[in-house]
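Just so it is clear: chains get the letters A, B, ... in the order the sequence lines come, proteins before strands, and each one is counted from 1. Values below: all heavy atoms of this structure, side chains included; hydrogens, waters and symmetry mates excluded.
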Amino acid sequence: MPTIYDPRAVEEKWYRYWEENKFFRAEVDDREPFSIVMPPPNVTGQLHMGHALDNTLQDILTRWRRMQGYNTLWLPGTDHAGIATQAKVEEQLAKEGKSKYDLGREKFLERVWAWKEQYGGRITHQLRRLGASCDWDRERFTMDEGCSEAVKEVFLRLYEQGLIYRDYYIVNWCPRCHTTISDIEVEHLDKPGQLYYIKYPTSDGRDAITVATTRPETMLGDVAVAVHPGDERYRHLVGKTLVLPLLGREMPVIADEYVDPSFGTGAVKITPAHDPNDFEVGRRHNLPQVRVINKDAVMNEEAGPYQGLDRWECRKRIIKDLNEQGYLVKVEDHNHAVGHCYRCNTVIEPMLSRQWFVRMKPLAEPAIQAVKEGRIRFVPERFTKIYLNWMENIRDWCISRQLWWGHRIPVWYCRNCEEAIAAKEPPRKCTCCGSTRLEQDPDVLDTWFSSALWPFSTLGWPEKTPELDYYYPTSVLVTGRDIIFFWVARMIVSGLHFMREVPFREVFIHGLVLDALGRKMSKSLGNGVDPIDVIESHGADSLRFMLVTGNTPGNDLRFHFERLDGARNFANKIWNASRFALMNLQDYDPASAPGREAHTLADRWILSRYQACVQEVTRFLDSYELGEAARVLYEFIWDEFCDWYIELVKPRLYRGQDARDRACAQDVLARVLRGTMELLHPFMPFITEEIWQRLPHQGRTIMQAPWPVYRPELRDERAEAEMAVLMEVIRSIRHIRSEMNVPPGKTADVILVVTDGHTRDLIQEWSSYIQGLARCRVQLKPELDRVPPQAAHGVARGVEIYVPLAGLIDIDRELARLKKELAAVEKELKRVESKLGNESFLAKAPAEVVEKEKAREKELAGKASAIRERLAVLAG
RNA sequence: GGGCGGGUAGUUCAGUGGGAGAACGUCUGCUUGACGCGCAGAAGGUCGUAGGUUCAAUUCCUACCCCGCCCA
């Protein structure tokens, strides 16, 4: 075995072994199921750190539950990602100097499918490199036959139930993507802008109203000015007619509660075709709707002289013209939220348009109840509130997209009588007039419409499959907090509506992976770190371990390369500890290992600590505290197993004259190491498999090894307490040696004075531990017969330590050291004493706390007096 | 404007109603037969500010300040 662990040599090998042997495969049986559906990444995308985190968490849960004996299904798949994928192919075409219109719909879709074939395997291959133990035989795609069938079924049912409708409404139009997007796909960014005050004269020319707006170009579509009905300032003007500057259009002054009298001038221009609030006001007052901006965000013919101008250019010209004609009253700086397209960051144009919507209110109600009643639980709990708040204020969902790549809306329009016919297959003739001139709606559905069905469409719905019956509802959904609204909420809605049952029992939300400076990783910033690069340089295990530790559920995680190095060092530590074990296990025979009666203190101690580790790791996994579970393993392996147990076991293996003791050491070493690898396997699947396979084991893979079960009868409190004493004595001697500059290679003489009989017996029996780990010769005494003249001094757990340093000791230095130590002890002692002197404390604090403080007082007092005595001797 | 998260060692972050932790960095030693991606030792923190509850608050409550995110 090489001295440095090389992940490249083992990771690929084991993944192939697992996959070829179908260890990820899940089949329906009579065990208890544990199922997860993978949040489907973009089919043509590539793995980023967010995926790496999300899938690492899922894999940990999956591997752990599988080892626990659940029938575990982790179902993978990919998403067609409408806008993103289409945009990429269009980009590709643009390089050839073509547009999608040059190809036409059909040819264009062929290109996208070809693109999907070319890049579709990339991300799933990358997930394999991460170690994802999902059932690839069940991999799905949101546009495969089954999922498409589910989409049509859902659309038709909702349509028949009146929960899908087509209507004119203000939608968010992205002039660059050339499609509508839903409300949650709009990102609101606070931007510095101006508030323009514009005077609208009355038609008789005697009066005027000044309105304030941040978007003066929309005035071309104004059809009214609204004031609050209770606003005294404008009461006399309500009902009068105004003349729109620049265009000369006449329009009324209306009163509406919507107006906030305290904002701007208290008078609002109304543009029903380009603002959602104005749209509502317009409906209430039967106002016309005048669209002045077209789909390229260029002013149209309704804009009169401004036709053909880009919206920003138009704004400039309008301001100039208003100013010249005396209508511009003033301009103020004003910060306001501007909607941007989440995909391309273009400023969204609210626009009147006829689209398909899902009526959300009635669907949201059961989804609210399911969470309120605890049938779905969010982890961490605080996300419940975010979810409920959104659900309770839900608005209808605009589901049509002006794209070609996606699930085409299954509705045909009759060109004769305008009837709309919803159907899975193209109807032959109009159900109303019998005409055969039918045309399918050109639009496709929002990508999230199909992902909303993911937990059941992937299991076969609308067919009644055994898988659907067995694995639904899934056990837990693991996803980022950024898509609670996009995805989690909609899955809950559709699961409850179509399956009559929640889609998952728990939702485990994690944060975002940020760069070292705390910024979101993004292409435009170029601050992303490619997980594949990391896997190549540090190994998948290190990446996984780093992503899981030092971070708490739901919180964001900063990516630091130093932490990655730390994880790699940990892997290397495991590797070398195992190397040590394996080098000393060549003649190990588990069958003939001596029983418990042969165990040394160190054996009993490490076995007990291992049990504690089993208990804690399992407990933390149970509560989704994966970072804490990983930390427990890190500390157990590095500190207890490597730094103490291995050191203690060395002499028994190297130059053990006692064959039985050697066999015993081998047995404990092998068993603890194997068990620890099993506990660590969900986190670091590759290195643990490699080591496990080299150790004596049963079964074909660590993946199928039973999860270690906590056995309280193997906890040994006494061994732990006794080891604690020895460890502290050792640490104390090491400290003295280091402080007094005793060369590390030199064996020191140490006198231990122990008055307590039990402790003395303990040290007597295991003095080899102290001699080995503190490099010394120990002389044990019940009391001090003669004060060592030149010696450094220390106290640990009632054990007085003298390290004679004839000729080496600097009395002044030793005095200074002891004084410093005494000061620290006395300070602490004072704190404890004052606590114990407090009547209320004694009366009200729990007895065990009081006992603990008393014990501490005794220990500290003893320590202080020992140091004081020593000081007196040295000074005298 | 509303909500949420964070403010703990030089840095990045865990954690807890009863003696402040880790990693990295720093300092001192070390060819100790698993590992220098290592070993041993050390220094370093009025746990954001001000109140309150409690025998006891870094931890619970209230207000405020700063940073970040989400929603309107």
- Message: I'd like to know if K820(A) pairs up with E739(A) as an ion pair, taking the criterion as any Lys NZ or Arg NE/NH1/NH2 lying under 4.0 Å from an Asp or Glu carboxylate oxygen.
- Response: no

- Between R558(A) and rC13(B), does any side-chain N or O lie under 4.0 Å from OP1 or OP2? yes

- Message: Between N345(A) and E187(A), do the side chains contain a donor N or O and an acceptor N or O under 3.5 Å apart?
- Response: no

- Task: Kindly indicate whether the side chain of R734(A) and the base of rG41(B) share any N or O donor-acceptor pair separated by less than 3.5 Å?
- Result: no

- Atom-pair distance (CE on M546(A); P on rA22(B)), nearest Å: 20 Å

- Identify whether any heavy atom of R856(A) sits under 4.0 Å from a base atom; if not, whether one sits that close to sugar-phosphate; answer base, sugar-phosphate or nothing. base

- Starting at atom CE of M727(A), determine the distance to atom P of rA40(B), rounded to an integer number of angstrom. 11 Å

- For rG19(B), does OP1 or OP2 lie under 4.0 Å from any side-chain N or O of R831(A)? yes

- Query: At under 4.0 Å between heavy atoms, what does K852(A) touch on the DNA or RNA strands: base, sugar-phosphate, or nothing?
  - Reply: nothing

- Task: Would you mind telling me which residue lines up with the more 5' stretch of RNA chain B, N838(A) or D639(A), judged by nearest nucleotide?
- Result: D639(A)

- Item | I637(A) CD1 to rA23(B) C1', straight-line distance once rounded to whole Å | 16 Å

- Any W638(A) side-chain N or O less than 4.0 Å from OP1/OP2 of rC39(B): yes

- Query: Checking R490(A) against W397(A): charged group under 6.0 Å from the ring centre and within 45 degrees of the axis?
  - Reply: yes

- Hey, does R519(A) reach any base, or is it just sugar-phosphate, or nothing, if we go heavy atoms under 4.0 Å? nothing

- Query: Start at the 5' end of RNA chain B and walk down; is the nucleotide closest to F580(A) or to I4(A) reached first?
  - Reply: F580(A)

